[in-house]
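Just below is one structure, and these are the notes that go with it.
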Amino acid sequence: MESEKDSYFYDRAEAELKLAQSAAHPAAVRAHYLLAGHYLDRFYSPEDESQGTPGAPKASSND
């Protein structure tokens, strides 16, 4: 089930996509798509963020 936080990120991504589609300047279009991507990354990221950034190497406790 979605939490309020998840819903926020999904809603923001949708809003950024709509803004990208209506923007006239190529730099604005790119900025809105980048922001939408970041919001979608947050929406689809694992619940437990203490494990670090997805795709990033995890630090081991043996170092």
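What you see below is based on every heavy atom in this structure, not just the backbone, and it leaves out hydrogens, waters and symmetry mates.
Counting heavy atoms from C-beta outward, Y33 and L17 have side chains that approach closer than 4.5 Å. A 4.5 Å side-chain heavy-atom check between R42 and Y10 finds every atom pair outside the cut-off. Side-chain contact check for Y39 versus Y8: some heavy-atom pair is nearer than 4.5 Å.
The two residues A23 and A28 make their nearest non-hydrogen contact at CB-CB, 3.9 Å.
The pair R12-E16 counts as a salt bridge, with a side-chain nitrogen and a carboxylate oxygen less than 4.0 angstrom apart.
Both L40 and F9 are part of a single hydrophobic cluster, where members link through side-chain heavy atoms under 4.5 Å apart.
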